[in-house]
Amino acid sequence: MTDLSFVRTEMLPERAPPPSTTGVIGWLRKNLFDGWLNSALTIVSLLFVFWVLDHLFVWGISPTWSDGSLDQCRTTISEAGWGGACWGVIRERWPQMLYGFYPEELRIRPTLAFFLLFIALIPVLFSMISRRMNWLLLALVLLAFTFAVESSGLIIAARVVLAAAALWIGVLLVRVPTGEEREEQIKQGAGRLPNPLWFTALYIFLMPWLLWGGTVWTPVAVALGIVIGGLAFRLLSPMTGTLAALIVAVVATILWWLLLSGPFADMMHGIFPIGLEPVKSRLFGGLMLSITIGVVAIAVSLPLGIVLALGRQSDLLIVKYLSVIFIEFIRGVPLITLLFVASVLLNIFMPPGTNFDIILRVIIMATIFSAAYMAEVIRGGLAALPKGQYEAADALGLDYWKAQRLVIMPQALKISIPGIVSTFIGLFKDTTLVSIIGLMDPIGLSNAIRADANWNGIVWELYGFIALMFFIFTFSMSRYSMYLERRLRTDHR
Amino acid sequence: MTILTDPPKESFRLSMLIYDSRYRSTTIQIVALIGVLTLVGWLISNTAQNLADLGKEPSFSFLFESAGYDINQRLIDYNNQDTHLRAAFVGFLNTLLVAGMGCVTATVIGVFVGVLRLSNNWLVARLMTVYVETFRNIPVLLWIIFTMAILIETLPAPREFRGENPAAHMLLGDSVALTNRGFYVPEPLFSRSLGNIHLFGNSPLRFDVSLDLVAILAVLISSILVARLIGRRADRIQAATGDRPRTWHWRLAVLVLPTVAILWVLGFYLGYPELKGFNFRGGIHMRNSLIALWLALSVYTAAFIAEIVRAGILAISKGQTEAAAALGLRPRLIMSLVILPQALRIIIPPLISQFLNLTKNSSLAIAVGYMDITGTLMGITLNQTGRELETILIGMLIYLAISLSISAVMNVYNESVKLKER
């Protein structure tokens with residue numbers, strides 16, 4: 001026996017991987033120069049990127065920020081010997097691109113409405129919100145109302161105090177509480193403070209009031225109609241059953257709106273004249289108009305779409321076919337034809353003598369349009385739910401509406417989130433179509449700006465600016481929906 | 001011993017309409033129907049009242065009056081003495097033209113971008129992501145007018161092609177001219193043409209069918225059928241003997257030779273555009289409005305199609321590829337027999353709905369002055385005759401017909417590829 005051994009008894013030390021497969025070089029080899037085809041593609045892409053950036057850079061960095069007309073811009077560029085874009089038009093007209101012809105001294109109102117929109121969305125989007133948010137909301141509502149009163153030293157001081165308070169509470173809220181603090185907060189506050197959703201409900205009435213102005217009693221009267229309906233339902237449903245109570249409640253609300261809300265608002269305004277300076281719809285414009293149409297249409301079309309989707313899935317044949325006809329008709333025609341209807345036909349459909357303004361008409365048609373798309377998206381979510389969920393809800397003895405509210409809709413809506421957001425993005429982009437029927441959205445305004453003798457012939461800067469405005473909104477919305485999808489995902493991956 | 005008895009018969013009470021689940025659904029439906037009918041009736045009576053006040057009784061006779069306006073981009077003969085119906089027909093064909101062209105290019109670009117987004121090459125994949133996000137997130141109307149502005153502002157005027165030392169040159173061997181008035185491309189002509197057939201005599205819907213085109217299409221279709229037959233025969237031989245005869249050269253010959261022969265028989269040649277005076281003559285003139293609409297709709301829709309293609313390919317699990325490889329299939333066959341049939345089932349339905357979107361978006365032609373059905377019927381005809389109700393109604397019905405026929409095709413396809421379940 002020799003003690004020759006062919007089996008290694010100790011481990012070899014680990015060696016570093018070859019340098020060509022690690023670090024920057026390894027990454028480059030793997031991702032950019034893997035084979036001749038890939039290398040060729042990389043080089044072509046690099047040349048393309050360089051070419052684009054080269055042109056854009058020289059064009060974009062242009063010393064024309066302060067120029068007041070296109071001729072002046074051209075002189076500046078030829079004197080400097082470089083540059084290309086004429087940014088003076090953006091400096092001069094960006095407020096107009098944002099607000100249209102909304103009176104300058106009142107522009108704080110749409111701005112406030114816009115920021116309050118995000119705060120109103122928070123309770124909807126995050127269910128785990130701290131109830132201390134109520135104080136922030138209260139401060140903001142009071143702040144909004146200070147704009148309704150004549151400006152005086154006292155009011156301005158109140159504004160400053162309220163804004164500071166809101167900021168301070170906001171900072172407190174942003175700081176994420178630890179687990180113990182959170183429990184403490186819940187013990188202290190959650191029992192007594194209401195769910196911050198009240199602000200979202202209030203916002204629905206606050207936004208039109210801030211935008212259009214007028215007496216505060218009109219939105220109050222409209223809101224009262226809903227309160228009356230709710231009360232009627234509460235009182236009647238133990239006595240007469242759900243369906244009858246619902247019908248009575250709806251009828252009572254509609255009667256209030258049609259007959260009593262106008263006189264009520266007038267009377268209250270006579271007693272307590274609180275109001276904002278009214279602003280005519282035709283002064284609306286720019287991005288503000290797009291956002292207004294988009295937000296109102298999507299907010300109204302979501303419940304409408306749910307009803308239509310349920311109608312289409314329903315066993316009741318007549319209800320089903322009415323929903324199908326409505327959805328397929330609206331989805332089968334382009335939005336622009338519906339906008340033509342809004343601009344020339346809707347007044348013909350109404351009783352003689354009615355004349356309501358073009359923005360409202362456009363919002364109605366845009367709502368109908370997106371409701372049909374929303375219905376299809378939600379129907380997809382309903383269809384994707386396993387049949388077992390419906391059967392389980394039935395087995396628990398839930399009636400139709402309870403089953404929908406507690407079991408079906410929460411799951412179906414979660415599945416449909418990407419579709420809902422992309423419908424919204426689509427609608428928001430489609431609001432540009434109103435320029436075709438003569439409204440002053442950003443594209444309509446760009447034509448108006450070009451009609452100005454100073455800016456006759458300017459193209460790229462305006463279009464680039466509009467594109468950027470829309471891109472910021474739509475891109476962040478699509479990213480947000482991706483985030484929401486990840487966060488709500490409960491299956492195992 | 002128990003005796004089964006019927007429950008005691010209740011007499012019918014009115015409240016059972018609401019509380020008894022046997023009647024409730026009928027009650028709800030009838031109430032809904034009455035509600036909708038009342039609403040519709042109210043709208044119609046309002047409309048009738050308003051139109052009567054305006055002195056415009058609904059009537060479609062305006063369709064047969066002389067239109068009196070010109071349409072510069074058209075597929076069929078038309079002059080301003082023709083009727084409004086004829087103008088609407090021209091517009092309708094223009095809608096179909098731009099929608100058809102757009103669908104083809106959007107699919108090509110979309111598939112290309114979608115596949116490249118899955119590329120291993122980091123830079124290319126990122127570039128394609130940038131493409132998709134840029135085009136998806138900016139309104140299509142902006143892309144259309146932006147493309148129009150690019151065409152008008154950057155392309156040379158026809159007169160710059162003139163002279164000894166012109167500032168601009170025609171492309172592809174003096175056959176294509178890109179000018180700020182539109183593109184001039186060669187047109188197919190036949191020296192021994194078979195002529196045209198005139199359909200529908202002198203009516204507003206008349207159009208000519210080129211017999212040359214019919215002949216070429218007939219030859220092409222029959223050669224495709226013959227090539228299929230050759231393939232079938234190869235299949236049979238393979239099934240019987242296990243060896244597949246080589247047939248690709250036969251099939252290629254059957255596809256190409258008859259087509260070349262018919263083109264030669266008809267005397268096919270290209271009519272090139274030529275600069276005469278201040279403008280180009282000859283060839284096909286595609287106006288800026290058409291080009292801008294076509295390009296913008298294509299690249300915009302392509303961004304959506306790219307995402308659909310990418311999702312469709314990603315949705316096929318890797319196990320399918322591996323299983324096919326385990327069966328001994330070669331990569332090309334794995335693609336054509338296993339991956340593509342499954343991916344297409346996922347890709348095609350949303351793809352068709354993108355085609356529908358493109359067709360509906362083509363109504364934005366009105367923003368650049370391309371005379372489609374929106375521009376003719378719901379644009380100039382509406383303004384000239386003041387018949388809002390009738391023109392918009394017809395226009396909507398036409399779009400509805402296009403949409404419904406496309407979705408009918410899609411439903412047939414969906415049925416045919418649907419997974420057969422229990």
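Sequence lines set the chain letters: A, B, ... in the order given, protein chains first and strands last, and positions in each chain run from 1.
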Please say whether more than 12 non-hydrogen atoms of neighbouring residues, nucleotides or ligands are located less than 6.0 Å from CG in Asp399(A). yes

Can you list the steps and then say if Leu439(A) with Leu289(A) is a side-chain contact (heavy atoms from CB on, under 4.5 Å)? CA-CA 9 Å; Leu439(A) 293 188; Leu289(A) 178 67; 4.1 Å; yes

Restricting to salt bridge (Lys or Arg N to Asp or Glu O under 4.0 Å), what partner residues turn up for Arg479(A), sequence neighbours left out? Glu133(B)

Set of residues satisfying side-chain contact (heavy atoms from CB on, under 4.5 Å) with respect to Ile330(A), sequence neighbours excluded: Phe326(A), Leu338(A), Ile368(A), Phe369(A), Ala372(A)

Reported CG-to-OH distance for the pair Asp394(A) and Tyr400(A), which is rounded to 0.5 angstrom: 11.0 Å

Need one label for Leu123(B): side chain, backbone, both or neither, based on atoms under 4.5 Å from any heavy atom in chain A. both

Donor-acceptor pair, distance only, cut-off 3.5 Å: does the side chain of Tyr463(A) make one with the backbone of Ser446(A)? no

Per-residue contact mode, Phe304(B) against chain A (heavy atom under 4.5 angstrom): side chain

Is Leu37(A) in contact with chain B via its backbone, its side chain, both, or neither, using a 4.5 Å heavy-atom distance? neither

Please classify the contact between Leu433(A) and chain B as side chain, backbone, both or neither, with a heavy-atom cut-off of under 4.5 Å. both

Test side-chain contact (heavy atoms from CB on, under 4.5 Å) on Glu376(A) and Thr423(A); report intermediate values, then the result. CA-CA 10 Å; Glu376(A) 283 301 273; Thr423(A) 309; over 6 Å; no

side-chain hydrogen bond (donor to acceptor under 3.5 Å, both in side chains) for Tyr399(B) and Thr374(B)? Distances and angles first, verdict last. CA-CA 10 Å; Tyr399(B) 276 112; Thr374(B) 316; 2.9 Å; yes

Specify which of Thr47(B), Ile138(B), Asn121(B) makes the most heavy-atom pairs with chain A at under 4.5 Å. Asn121(B)

Where does Leu345(A) contact chain B at under 4.5 Å (heavy atoms): side chain, backbone, both or neither? side chain

Examine whether an atom of Ile443(A) lies under 4.5 Å from a heavy atom of chain B, and if so say whether it belongs to the side chain, the backbone or both; otherwise answer neither. side chain

Counting heavy-atom pairs under 4.5 angstrom with chain B, the leader among Thr42(A), Thr431(A), Leu316(A) is Leu316(A)

With a 4.5 angstrom heavy-atom cut-off, could you sort out which part of Ile402(B) is near chain A: side chain, backbone, both or neither? neither

Is it true that, when you exclude Phe60(B) itself, more than 12 heavy atoms of the residues, nucleotides or ligands shown sit nearer than 6.0 Å to its CZ? yes

Just checking Lys56(B): does its NZ atom have more than 12 heavy atoms from other residues, nucleotides or ligands closer to it than 6.0 angstrom? yes

Please state whether the rings of Trp143(B) and Phe146(B) are parallel, tilted or perpendicular, taking 30° and 60° as the class boundaries. perpendicular

Is Phe329(A) close to chain B through its backbone or its side chain, or both, or neither, when contacts mean heavy atoms under 4.5 Å? both

Would you say Arg331(A) has more than 12 foreign heavy atoms packed within less than 6.0 Å of its CZ? yes

Against chain A, residues from residues 377-390 of chain B with at least one heavy atom under 4.5 Å, in numeric order, are Met378(B), Glu388(B), Leu389(B)

Atom group of Val341(A) that falls short of 4.5 Å from chain B, counting heavy atoms: both

Segment of Leu127(B) engaging chain A (4.5 angstrom heavy-atom cut-off): side chain

With a 4.5 angstrom heavy-atom cut-off, is it the side chain or the backbone of Val319(A) that approaches chain B, or both, or neither? both

Quick one: OG on Ser370(A) to CZ on Phe428(A), what's the gap to the nearest 0.5 Å? 13.5 Å

Considering only heavy atoms and a distance below 4.5 Å, find which of Asn361(B), Val31(B), Val36(B), Ile145(B) pairs most often with chain A. Ile145(B)

Okay, Leu356(B) and chain A: the region with an atom under 4.5 Å from a heavy atom over there is neither

Would you mind checking which part of Leu468(A) comes under 4.5 Å of any heavy atom in chain B, side chain (CB onward), backbone (N, CA, C, O), both or neither? neither

Enumerate the residue pairs fulfilling salt bridge (charged side-chain N to carboxylate O under 4.0 Å, His left out) with a member in residues 117-128 of chain B, sequence neighbours excluded, ordered by first and then second residue. Arg117(B)-Glu307(B)

Sort Ile436(A) into side chain, backbone, both or neither according to what part of it lies under 4.5 angstrom from a heavy atom of chain B. side chain

